[in-house]
Participant: 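Can you read through this structure? Questions will come right after.
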Amino acid sequence: MKRFRLVMERNKRELTQAKVAKDIGISTVYLRKLEAGTENPGRDTMIALSVYYNVPAEELFPDLFCTFYDRNSIVKGAQHQVN
């Protein structure tokens, strides 16, 4: 799931992925994967991005905080209903 808010915050500040990555101490490739939703951040990276953009981590990474996006919980819940 693409993290649209993470991308939006960078774009509205007219920053490149390389600039943000350098500023918070991660690789550009890792930031690209975070924005695409193919990688999940560690706690320190999540906090660094939240502070950098002054946006709550829950808004930058909704898939990590909202069970609506948690496919494992959805699948487990469906299995419990079937049984």
Participant: Where do Y30 and G42 come nearest, in terms of heavy atoms and distance?
Facilitator: OH-N, 3.6 Å
Participant: Does the side chain to side chain contact (heavy atoms under 4.5 Å, CB included) test come out yes or no for I26 and V20, once each step is laid out?
Facilitator: CA-CA 8 Å; I26 62 173; V20 173; over 6 Å; no
Participant: With F4, which residues qualify under side-chain contact (heavy atoms from CB on, under 4.5 Å), at least two apart?
Facilitator: K2
Participant: Would you compute the distance between atom NZ of K22 and atom OG of S27 and round it to the nearest 0.5 angstrom?
Facilitator: 14.5 Å
Participant: Applying side-chain contact (heavy atoms from CB on, under 4.5 Å), name anything that partners T16, two or more places apart in sequence or on another chain.
Facilitator: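 For T16, the residues satisfying side-chain contact (heavy atoms from CB on, under 4.5 Å) (neighbours in sequence not counted) are A18, K19.
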Participant: Restricting to salt bridge (Lys or Arg N to Asp or Glu O under 4.0 Å), what partner residues turn up for E9, sequence neighbours left out?
Facilitator: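 Checked E9 against salt bridge (Lys or Arg N to Asp or Glu O under 4.0 Å); matches are R5, K12, R13.
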Participant: Going by atom type alone, with no hydrogens or angles, which donor-acceptor pairs under 3.5 Å involve a side-chain atom of residues 46-55 and a protein atom two or more places apart or on another chain?
Facilitator:
{"unit_1": "S50", "atom_1": "OG", "unit_2": "V55", "atom_2": "O", "d": "2.6"}
{"unit_1": "S50", "atom_1": "OG", "unit_2": "A57", "atom_2": "N", "d": "3.4"}
{"unit_1": "Y52", "atom_1": "OH", "unit_2": "D23", "atom_2": "OD2", "d": "2.6"}

Participant: Would V7 end up clustered with L15 when hydrophobic side chains under 4.5 Å apart are linked, directly or stepwise?
Facilitator: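 Shared cluster, no.
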Participant: Hey, could you give me each pair passing salt bridge (charged side-chain N to carboxylate O under 4.0 Å, His left out) that has a residue in residues 29-55? Not counting sequence neighbours.
Facilitator: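 For residues 29-55: R10-E35.
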Participant: List for me each residue that meets side-chain hydrogen bond (donor to acceptor under 3.5 Å, both in side chains) alongside E58, sequence neighbours excluded, and say none if there are none.
Facilitator: none
Participant: List the residues meeting side-chain contact (heavy atoms from CB on, under 4.5 Å) with N40, not counting sequence neighbours, and say none if there are none.
Facilitator: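 Counting only residues at least two positions away or on another chain, N40 forms a side-chain contact (heavy atoms from CB on, under 4.5 Å) with R3, D63, L64.
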